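Chain letters run A, B, ... following the sequence lines, proteins first and then strands; every chain starts at 1. Keep in mind the model is a prediction, meaning the values are calculated, not measured.
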Amino acid sequence: MRHIISVLMENEPGALSRVVGLFSQRNYNIDSLTVAPTEDQSLSRLTLTTTGDERRIEQITKHLNKLVDVVKLVDLTEGAHIERELMLIKVKATGAQRAEVTRTTEIFRGQVVDLTNSVFSIQLIGTSDKLDAFITALGESIVLEVARTGVSGISRGEKVLTL
Amino acid sequence: MDQLSGGEALIRALHDEGVDIIFGYPGGAVLHIYDAIFNQGKIEHILVRHEQAATHAADGYARGTGKPGVVLVTSGPGATNAITGIATAFMDSIPMVVISGQVESRLIGSDGFQETDMVGVSRPVVKHSFMVQNAADIPLIVKKAFHIATTGRPGPVVIDIPKDVTDPEVKFDYAYPSDIKMRSYAVPAKGHSGQIKKAVDVLMAAKRPMIYAGGGVIQGEGAELLTELTRELGFPITNTLMGLGAYPASDKQFVGMLGMHGTYEANMSMHYCDALLAIGVRFDDRVTNSDVTKFCPDATILHVDIDPASISKTVSADVPIVGSVNSVLEEMLAQVKASKQKVDEKSLKVWWDRIAQWREKDSLGVTPSEDGITIKPQEVIQAVHAITEGDAYVSSDVGQHQMFAAQYYGFDKPRRWINSGGLGTMGFGFPAAMGIQFAFPDAISVCVTGEGSFQMNLQELATCMQYQLPIKIISLNNRALGMVKQWQDMQYGGRHSHSTYAESLPDFIKLAESYGHVGIRIENKSELNAKLEEAFALKDRLVFVDVLVDPEEHVYPMAIKGGAMKDMILSKSERT
Ligand SMILES: Cc1ncc(C[n+]2csc(CCOP(=O)(O)OP(=O)(O)O)c2C)c(N)n1
Ligand SMILES: [Mg+2]
C-alpha cells in the first residue's frame with residue numbers, strides 16, 4: 001500500500017541525506033519526496049511517499065524515528081488527510097488542439113500560466129491521481145515537459161504535527 | 001572562564017567528559033589538535049600503527065569497560081582507514097566517539113589534498129555524525145556526541161573537524177555544558193508494566209520455556225539481573241555469540257551458545273520451546289538460520305529490547321517490550337516474585353529431562369587426534385581456559401578459531417568475551433586486546449587468533465612494544481583461511497579456491513622477536529600445556545604463541561542452511 005509519511009526534522013546540514021540514505025541503505029523505495037522549512041526556521045518538514053506492507057512501513061517509521069535529526073513524524077495515510085501535489089506541465093498545441101487543451105484544463109481546474117503560439121504552460125494542483133489523469137486526458141503525445149513537486153499532506157481536523 | 005582555541009577546547013571537553021585515553025594517529029588536518037595534546041597532561045594518547053587498529057582498540061576498551069572508546073584520526077586516508085572499525089562498532093552497538101580531521105573549511109568540496117567527505121562516507125555505519133563549523137560549538141557538540149554514543153542503543157558517533165576550526169590563534173570562552181537536552185533525541189524510558197505483566201503471565205504458563213539473551217544484556221549492564229531472574233524461574237538459558245558471559249557458562253541452567261555453531265541442546269531447546277523470552281537480541285540470521293518461517297514454530301515470543309526497530313524486524317514478537325534491559329529485568333523479576341501463579345514445575349521437570357537427553361549428545365565433545373601428536377584447536381582453548389582459570393579477557397578474530405574460543409572458553413562473566421559478532425571483522429582481535437590491556441593493566445588479555453586474521457593488523461606488535469602491553473596472542477595456526485576452507489569442503493566439493501597459503505606463511509616466532517617480543521611455537525600435543533604455561537608465566541611480556549593445529553578440523557555443530565534451528569550437522573559423518 002502507498003503511504004504518505006510527514007517528518008519534522010532539525011533544519012541542519014546533513015539531515016536530508018540521512019533520511020534519503022536510510023531508504024537506499026535498507027532497500028526501501030521513495031516514490032516522491034518534498035522538503036522545506038516550516039514556520040519555525042529551525043525545523044524542516046519532509047513529506048515522502050513510499051509503498052510497502054504493514055511490516056515494512058512499521059520498520060520505515062521506526063528507523064526514521066531513530067535518526068537523531070528526526071523530531072516527530074506521522075503516517076498521514078493512517079487517518080483522514082488531505083494530500084496535494086503541484087504540477088507544471090508544458091504542452092504543444094496548435095489549431096483546433098488549443099481549444100481542446102483549454103477545455104481540459106478548465107475541467108481539471110488547472111490554470112494556464114504561460115502561453116505562446118504553440119505552447120501552453122499549465123499549473124495543476126491536486127492528488128497525484130488527478131495529476132496523472134490530467135496527463136492522460138491531454139494525451140501524452142503533446143506533452144513536452146512535466147515538473148511535479150511530489151506529494152505534500154496534512155491531517156484532517158484537529159490533529160496537527162508540531163512539537 | 002578560559003580562553004581556548006578549538007584544538008585546546010576539544011581536548012579539554014574530552015577531559016570534562018571523563019575521557020582518560022584516546023587512540024589515534026596524526027596527520028596534517030589534526031596537527032593543531034596534536035599540539036594541544038602535547039601541551040596537556042590529563043588525557044593519555046596511544047599512538048597505534050594503523051587507524052583501523054585505533055578504532056578496534058577503542059572498541060575493545062569500550063567492550064571491556066562499558067565506557068565509550070575515543071579515536072582521533074586525520075582527514076582523508078586516516079578517516080577512511082577508520083571506517084572498518086567504525087562499522088564493526090556500529091554492528092555490535094558499541095559506544096565510540098571518532099574525531100576526524102577535515103581539510104580547511106574554505107577547501108571543502110574542492111577535492112583538496114586528503115579531503116574525504118567523512119560525514120558522507122561514514123553515514124551508513126554511524127549512529128550520528130557532526131561537522132563542526134565554529135570552534136565555539138565544540139563543547140556542545142562533544143557533549144552531544146558522547147550523549148548519543150552512550151545512551152539508548154549505543155553506537156559510534158563521528159565528529160569531523162575542519163583544520164581552521166582548531167586554529168591555535170582563534171580563541172573563545174570555553175565552558176562545558178553540564179547537561180544536555182535534545183528535542184529530537186529521546187532515550188527510551190522503562191518498559192511498559194502492562195507488557196511486562198503479559199510476558200510474566202506467558203512465562204508462568206509455559207511448559208517448555210526458554211531464555212535467549214544477547215549482547216544487549218551486556219551492553220545494558222543487565223547480566224546480574226538476568227542471572228537472578230533465570231535462577232528464580234529455573235528455566236534453561238542460552239546466550240548468543242555477542243551475549244556470552246551474560247549468564248555464567250558454568251551454571252547448570254546454561255545450555256550453551258545457540259545459532260549457526262551453537263550446541264545441539266541450545267538449538268533443540270530453541271526449536272521446541274513454547275515460550276521464548278528474548279532479551280537484548282536481534283534475531284540475527286546466524287541465530288535463526290536462513291528461513292525465519294521455521295523459527296521456533298511453537299513459541300510465544302516475548303522480545304525485550306531498547307531499540308524499537310529491533311523488535312519484529314525479522315521475527316514478529318507476540319509481546320514486544322521496548323525499554324532498557326536493566327529496567328525491564330528489574331521489574332520482571334519483581335513481578336515474577338510477586339506472581340500468584342507459579343512456574344509450572346511439573347512440566348518444567350519434563351522439559352529439563354528432555355534437554356538432559358539432548359545434552360547427552362555431547363555436541364562439543366572433542367575427539368583427540370589418532371596419532372596423539374596433532375593438536376586439536378579445541379584442546380588449545382580448553383588448556384588456555386584451565387591455565388587462566390577462566391578469568392581472562394579473551395578477544396578473538398574471525399574464523400574457526402573464533403568459534404572454538406566461543407564454544408570452549410566458557411565465559412562466566414560479562415565483558416570478558418570481546419569479538420566482532422555483527423560485522424565479523426578479521427583483524428579485530430589483536431588491537432581489541434590492546435584496548436583491554438590499557439583498560440585493565442593487571443588483567444590477562446588473551447587474543448585468540450588465526451594466522452590469517454593476525455596478518456591483518458600485525459603492525460600493532462610495535463604499539464605493544466612501545467606501551468609494554470603483555471598480551472598473550474594464541475594463534476591457532478591451521479595454515480589456512482580455515483572457515484573459508486570449511487565451507488569449501490562442505491559446499492564446494494573440497495575445491496580450496498584461494499584459502500590456503502602454507503608455503504608463504506611468515507615465521508611468526510621471528511616476526512614477534514623482530515618487534516622485541518617473545519615467540520613460542522607449539523607443534524606437539526605433549527608440549528601444549530607446558531609451553532602455554534610458560535607463555536602465561538611471562539607476565540610482563542607480550543608472547544606470540546604459534547600453535548600448529550589440525551588443519552582438517554571443522555567447527556561443529558553447524559546449522560544446515562535453509563533449515564530450522566533443529567537442523568544441524570554434528571560432525572563430518574553425522575547430521576540431525
Ligand atoms: C576483513 C575480512 N575479510 C574476509 C573475511 C572472510 N573470512 C571469514 S573467516 C576467514 C578465514 C580466517 O582465517 P584465519 O584467521 O586463519 O582463521 P581460521 O578460520 O583459519 O581459524 C575469512 C577470510 C572476514 N571475515 N573479514
Ligand atoms: Mg587459519
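Using a 4.5 Å heavy-atom cutoff, the side chains of A/K62 and B/D307 are not in contact.
Rounded to the nearest 0.5 angstrom, A/E58 CD and B/S316 OG are separated by 8.5 Å. A/E12 contributes atom CD, which lies 8.0 Å from atom CZ of B/F130 (distance to the nearest 0.5 angstrom). Rounded to the nearest 0.5 Å, atoms OG (B/S310) and NZ (A/K66) are 6.0 Å apart. To the nearest 0.5 Å, atom CG of residue A/L8 and atom OG of residue B/S184 are 11.5 Å apart. Taking NE2 from B/H128 and CG from A/L67, the interatomic distance works out to 9.0 Å, rounded to the nearest 0.5 Å. Here NZ of B/K313 is found 6.0 Å from CZ of A/R26. Values are rounded to the nearest 0.5 Å.
Heavy atoms of other residues, nucleotides or ligands lying less than 6.0 angstrom from NE2 of A/H81 number more than 12. Within 6.0 Å of the CG atom in A/N117, the count of heavy atoms belonging to other residues, nucleotides or ligands does not exceed 12. Heavy-atom contacts from other residues, nucleotides or ligands closer than 6.0 Å to NZ of B/K143 number more than 12. Other residues, nucleotides and ligands place no more than 12 heavy atoms under 6.0 Å from the CZ atom of B/R286. Residue A/L16 qualifies as enclosed at atom CG: its count of foreign heavy atoms under 6.0 Å is above 12.
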Steps toward side-chain contact (heavy atoms from CB on, under 4.5 Å) verdict (B/S129, A/R18) = CA-CA 10 Å; B/S129 48; A/R18 289 193 186 97; 2.9 Å; yes
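With a 4.5 Å cut-off on non-hydrogen atoms, A/L22 touches chain B through its backbone but not through its side chain. At a 4.5 Å heavy-atom cutoff, the contact between A/V68 and chain B is made by backbone and side-chain atoms alike. Heavy atoms closer than 4.5 Å to chain A are found in both the backbone and the side chain of B/R183. At a 4.5 Å heavy-atom cutoff, the contact between B/M182 and chain A is made by side-chain atoms alone.
Between A/P13 and B/Q133, the closest heavy-atom pair is CG-NE2, 4.4 Å.
Top candidate by heavy-atom pairs under 4.5 Å with chain B, chosen from A/R56, A/K72, A/H63, A/R55, is A/R55.
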